[in-house]
Amino acid sequence: MTDTVPYRGRFAPSPTGPLHFGSLIAAVGSYLQARANDGEWWVRIEDIDPPREVAGASDLILASLEMHGLAWDRLSYQHNRLDQYGAALDALQQTGRLYPCTCSRRDIAASVDSSGGPIIYPGTCRDKTGVVVENHALRIDTRNAMIQFEDRIQGRQSFPLSQESGDFILRRTDGLFSYQLAVAIDDVEQGMTEVVRGCDLIGSTARQMHIHNLLGLASPAYAHLPVAVDPDTGHKLSKQTFARPLDSSMALENIWDVLDFLGQNPPPDLRQANLASLWHWAIAHWQLDAVPTRSGIDVKSKQFYDGQTANPIGYKMKPDVSYEPD
Ligand code: GLU
Ligand code: ZN
């Protein structure tokens, strides 16, 4: 980053439920990194997957952010940007790296021996020629794509995409644009200089960078925060594991707990102070270097999780064909 490019970051929730402690970590981490760099912080509602959306969730998320003292510079909704995703898809078609896929999830599961591991699409339709049937998905070829980047928290990352994710979907059979496509395009077109989000998305970063590379776009910088791990299940705290919605009347305590989670060592007396003082302290003292370089942290015992998979930080990638983040 040079002095001439002001910092811009974002928080990009999907409206699939209210904000919970896990999502607040990504909100606070991205917000502090932006404010500490005198930058802008945008909120982008990722509402292009109606089947997964919950009515009223985006308003609940926004209200909860406000109650926690997180004020955005700009708010955008992905449903307003479908034309841009269509244009990007056309441009990607021109590269010759997209192809129609007519496999069902069951076909794919049956065609690979994953031995309990993640199912990686084997490229069945890659070289199919002939009539293109309707209702097909569009996949992107990942052969020979070795994605490398320097994560600002987790350090050097290398993802041989064809092994770790396989050819992934850009447009689904139901005609909806995929999360990967929309995010890759938005982060560049909205001028994000850095993306700060949870480690569960680090494999998605590699996929999004593959899209950038094929379109000749410069990727933003990336910083992946540890994710909150549920003490009972050992899995990421997420809407699927019924993480409790945040209680906004506890905003002060919630923000203090997130700062503590992120290794910022907030002074204990600020947990009894007021939200404005806590934010003031947090922005003035924010240190990205103090954030634990771990993929997950148990919210109760503070035990670290590193997982045991091949990628350097160990957070289990989810290359499954059905994968969409929550
Ligand atoms: N909308 C997705 C989520 O809520 C991804 C956000 C991102 O790319 O930061 O997990
Ligand atoms: Zn296929």
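Hydrogens, waters and symmetry mates play no part in the numbers below; they use all other heavy atoms, side chains included. Residue indices begin at 1 and follow the sequence shown. Start at 1 and go down the list; that is how both ligands and their atoms are numbered.
Excluding waters, the protein N/O/S atoms found under 2.8 Å from the Zn ion (ligand 2) are C101 SG, C103 SG, Y121 OH, C125 SG.
The ligand atoms of ligand 1 that sit less than 4.0 angstrom from a heavy atom of E46 are 1 (N), 2 (C), 5 (C), 6 (C). Ligand 1 places these atoms under 4.0 Å from at least one heavy atom of R197: 7 (C), 8 (O), 9 (O).
Remark: the Q84 side chain and the E189 side chain contain no N/O donor-acceptor pair separated by less than 3.5 Å. Counted by atom type alone, T173 and N135 present zero donor-acceptor pairs between their side chains at under 3.5 Å. Checked by atom type, the side-chain pair D186/Y85 shows a donor-acceptor distance below 3.5 Å. Judged by distance alone, the side chains of W286 and Q264 never bring a donor and an acceptor atom under 3.5 Å apart. T205 and H224 are linked by a side-chain donor-acceptor pair at a separation below 3.5 angstrom, with hydrogens and angles left out of the test. Counted by atom type alone, Q190 and R44 present one or more donor-acceptor pairs between their side chains at under 3.5 Å.
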Stepwise salt bridge (charged side-chain N to carboxylate O under 4.0 Å, His left out) test for D260 and R271
CA-CA 11 Å; D260 182 45; R271 204 167 185 272; over 6 Å; no

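Look at Y179 and you'll find a heavy atom under 4.0 Å from some atom of ligand 1.
For V195, no heavy-atom contact with ligand 1 is shorter than 4.0 Å.
At a threshold of 4.0 Å, the pair D73-R35 counts as salt-bridged, since one of the basic side-chain nitrogens sits closer than that to a carboxylate oxygen.
The shortest N or O to N or O distance between A12 and ligand 1 is below 3.5 Å.
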